[in-house]
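Basis for what follows: all heavy atoms, side chains included, without hydrogens, waters or symmetry-related copies. Every chain is numbered from 1, with letters handed out A, B, ... down the list of sequences.
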4 protein chains.
Amino acid sequence: MTTASDATRERILEAAETVFGDKGYHDAIVDDIGRATSISKGGLYFHFPKKEVLFFAVMDRLADRLVQKAEMAAAAQTSPLASAEAALEAVLTSLSKRRRIARLLIVQGYSMGNSFERKRVEVFDRFAAIIRDHLDRAVSSGEVRPVDTHIAARVWLGAMNEVIIHWLYEGGDSPVQSMPTIKRLLSAGIAPEREGQ
Amino acid sequence: MTTASDATRERILEAAETVFGDKGYHDAIVDDIGRATSISKGGLYFHFPKKEVLFFAVMDRLADRLVQKAEMAAAAQTSPLASAEAALEAVLTSLSKRRRIARLLIVQGYSMGNSFERKRVEVFDRFAAIIRDHLDRAVSSGEVRPVDTHIAARVWLGAMNEVIIHWLYEGGDSPVQSMPTIKRLLSAGIAPEREGQ
Amino acid sequence: MTTASDATRERILEAAETVFGDKGYHDAIVDDIGRATSISKGGLYFHFPKKEVLFFAVMDRLADRLVQKAEMAAAAQTSPLASAEAALEAVLTSLSKRRRIARLLIVQGYSMGNSFERKRVEVFDRFAAIIRDHLDRAVSSGEVRPVDTHIAARVWLGAMNEVIIHWLYEGGDSPVQSMPTIKRLLSAGIAPEREGQ
Amino acid sequence: MTTASDATRERILEAAETVFGDKGYHDAIVDDIGRATSISKGGLYFHFPKKEVLFFAVMDRLADRLVQKAEMAAAAQTSPLASAEAALEAVLTSLSKRRRIARLLIVQGYSMGNSFERKRVEVFDRFAAIIRDHLDRAVSSGEVRPVDTHIAARVWLGAMNEVIIHWLYEGGDSPVQSMPTIKRLLSAGIAPEREGQ
DNA sequence: GATGAATGAGCCTTCATTCAT
DNA sequence: GATGAATGAAGGCTCATTCAT
């Protein structure tokens, strides 16, 4: 119950969240965090043995908060589907409110300032453009219902991205195996309206 | 048309793709690439003025190849929707075949070996678990059709991730604004089967 | 006569002897000693104002014990020469029994783990090899009596080493001045047996 | 045959010998050596991957020179015993001429400025005093021939020291086992003169 | 065009020491 | 007397980049 010590820990975590969020992992130098906390570098290392450990502690703390929000939002719903949607929305909403947090969670492990991420966005935009282009035509032809193809293309790509990341780190079946399922999931989402729907 | 020079450039790009793919941007030190090419560090710098430039050149080259594949796959289809699906599948298939390429494109701008990305996977898994849990119940209750909720949850999260990244770098409306559209897109994808479908 | 305090002092000294003996001065960090004593760092500093002071206190305590042993051994002899020999033997025997003590006294002021001392051994071995080689031939030719040249060479080198160290720190005549004396001392030690001896 | 590079290496080695000799391993900071060479820190690390490696390279170079001198001195003698003596004398003479070299070879792996070594000298002096005291009496009583007991005591201690160091690092029989041999070697060195000698 | 020795700014980490409690 | 959180100076090492040859 070393409350004093815990408070310091919390202060460090708070400051680190800001600094990492602003500069990314690599560009955030340990002195920056010390300065932001007015705790000496040595003090930082007393609480966190490595910069990396501190960074991960920040992410865990952040994830805890978001998970909690997601769960509360889900609990407030009546149907399971509504709960699932609410959970997703809760996270997305939280991240939308705090840009810094979003960057920290999603891309600030990235380095090179943000130039890498910009390049990644650029590349994905090229893919998205192709998909969007075809979706636009599909809308025109009535093959799919009128949707915001901008968003739809991005959703498609995001799905792919996530599936691949998971495979990269968790292994398991090749993403290609999941393709039919993914395709059905995504295509059904844009299927033409049924009357009465 | 200094073909000789171009060949050297290509050799460098080839080796750099391997090295960056294996180690990530930060952990790939310039000497590594030199060693892999048997071109001296000075030689590298003759062709690419900065490490960053080389990295981006590698990504562009890679994107070019993927875009071409996506376009060819799309062109081989008859309907626009099939084209869109084919484009997505082409990219996903390519990346599935070459793990190194996938890592390079998707996560190797990350640093810290891969520990950051692992942490990101861990965090996202927590979110996915929540969503999957609710989707499972929705399936049980018949609220949605039987789907692989594992994949579905990941698709949802991927969609969210992509939308946020785009917003982070391109700005524009808050992701929250897109939420209704996203929600509809995703929910429609798991809506109960209609008879006759 | 703060007996309690003295007991603590003794506990610290005891633990410090172990830790310094195991790791050497530099590699023994103050926390190590604290941990070995279950006395906090602050407590250590209450009794010894500096790490160096503690280290020297350990050495003094050790020297006291050895000196006492040497003197007792000497006192138990009847002839002066036997006393001198007994004193030397007592120290050597004590150190032989406790490797850690020997290291503390003789080499643990050294740093770099023990790699420096290893290198020193290596270098001295090269010198010893040269001397031994010649002594072996001298034995063969009957110029000197049959002795363990391995030990003899080491004795010679040790003598040189000690004389130089003394000169380095106490100054005085150049070691070269002592050379004739040393030479005579050492050579007489290996002179051929006289009949009747 | 990268003569240019080798020359730099040599320059570094030269400067490092001076700096290590003056300050000891720990107190010689890498920048010191850089400054002394007017070679940048990076340059140093290009030639020697670690401070430790540089230090050992210095010691090896030094040992090479001394070994050569010892061997030449030995070769110039006619009898094997004279050769052995000459080898020892050559090393001792070399070290006597260059105090810095002597310190580097013998004690500069030590740290703590030189305070540790001073303490070591102090401790050994206490042992030496005991031995000398008894030897003095042995001289008075005619038990041994008149010798410089100051030097003799130091020779005895040096022998012990060397034998223990060797045992510490090379293992083998306990030094106690060698005691009879050592005792005989040393005592014979101070035995009373025979007539006609 | 290519080489590789040299540069040097920069950063993480260690650890003896202090001091409020 | 003791604790342990906090300090901060110091130093080893890395690595992108340059440039004389």
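Formation of a donor-acceptor pair under 3.5 Å by the Asp27(C) side chain with backbone atoms of Gly24(C) is not found in this model. At distances below 3.5 Å, at least one donor-acceptor pair connects side-chain atoms of Lys51(A) with backbone N or O atoms of Tyr25(A).
A close approach under 4.0 Å does not occur between any side-chain nitrogen or oxygen of Lys41(C) and OP1 or OP2 of dG4(F). For the OP1/OP2 pair of dA16(F) and a distance below 4.0 Å, the side-chain nitrogens and oxygens of His26(B) include no atom meeting the criterion. Under 4.0 angstrom from either OP1 or OP2 of dG1(E) there lies no side-chain N or O belonging to Thr8(B).
What separates OH of Tyr45(B) from P of dA6(E) is a distance of 18 Å, to the nearest Å. The separation between Arg35(B) atom CZ and dA16(F) atom P is 11 Å, rounded to whole Å. For Phe48(A) and dA6(F), the CZ to C1' distance is 15 Å, given to the nearest whole Å. In this structure, CD1 of Ile29(C) is placed 16 Å from P of dT13(E), rounded to the nearest angstrom. Between Leu44(D) atom CG and dA6(E) atom C1' there is a gap of 11 Å when expressed in whole angstrom units. In this structure, His47(A) places its NE2 atom 17 Å from P of dT13(E), rounding to the nearest Å. To the nearest angstrom, C1' of dA16(F) lies 11 Å from CD1 of Ile33(B). For Lys51(B) and dT14(F), the NZ to P distance is 15 Å, given to the nearest whole Å.
Taking the charged nitrogens against the carboxylate oxygens, Glu17(D) and Arg65(D) do have a contact shorter than 4.0 Å, which makes a salt bridge.
The same atom, P, is picked in dT21(F) and in dG1(E); the two are 23 Å apart, to the nearest Å.
Across dT3(F), dA5(F), dT7(E), the shortest atom-to-atom separation from the side chain of Ile39(C) is found for dT3(F). Taking only side-chain atoms of Phe46(D), from C-beta outward, the nucleotide of dT17(F), dA16(E), dA6(E) with the closest atom is dA6(E). When each of dA16(E), dG12(F), dA2(E) is scored by its nearest atom to the side-chain atoms of Val30(C), the top-ranked nucleotide is dA16(E).
Between Arg11(D) and Asp31(A), the residue anchored nearer the 5' end of DNA chain E, judged by the nucleotide with its closest heavy atom, is Arg11(D). In terms of position along DNA chain F, the nucleotide closest to Gly43(C) lies nearer the 5' end than the nucleotide closest to the other residue of the pair Gly43(C) and Pro49(D).
With both pairing distances under 3.5 Å, dA20(E) is matched to dT3(F) as a Watson-Crick or G-U wobble pair.
The base of dT17(F) has none of its N or O atoms less than 3.5 Å from a complementary donor or acceptor on the side chain of Lys50(B).
Here His47(B) contributes atom NE2 and Thr37(B) contributes atom OG1; the two are 10.0 Å apart, rounded to the nearest 0.5 Å. Taking CZ of Arg9(C) as the reference point, atom CZ of Phe48(C) lies at 4.0 Å (rounded to 0.5 Å).
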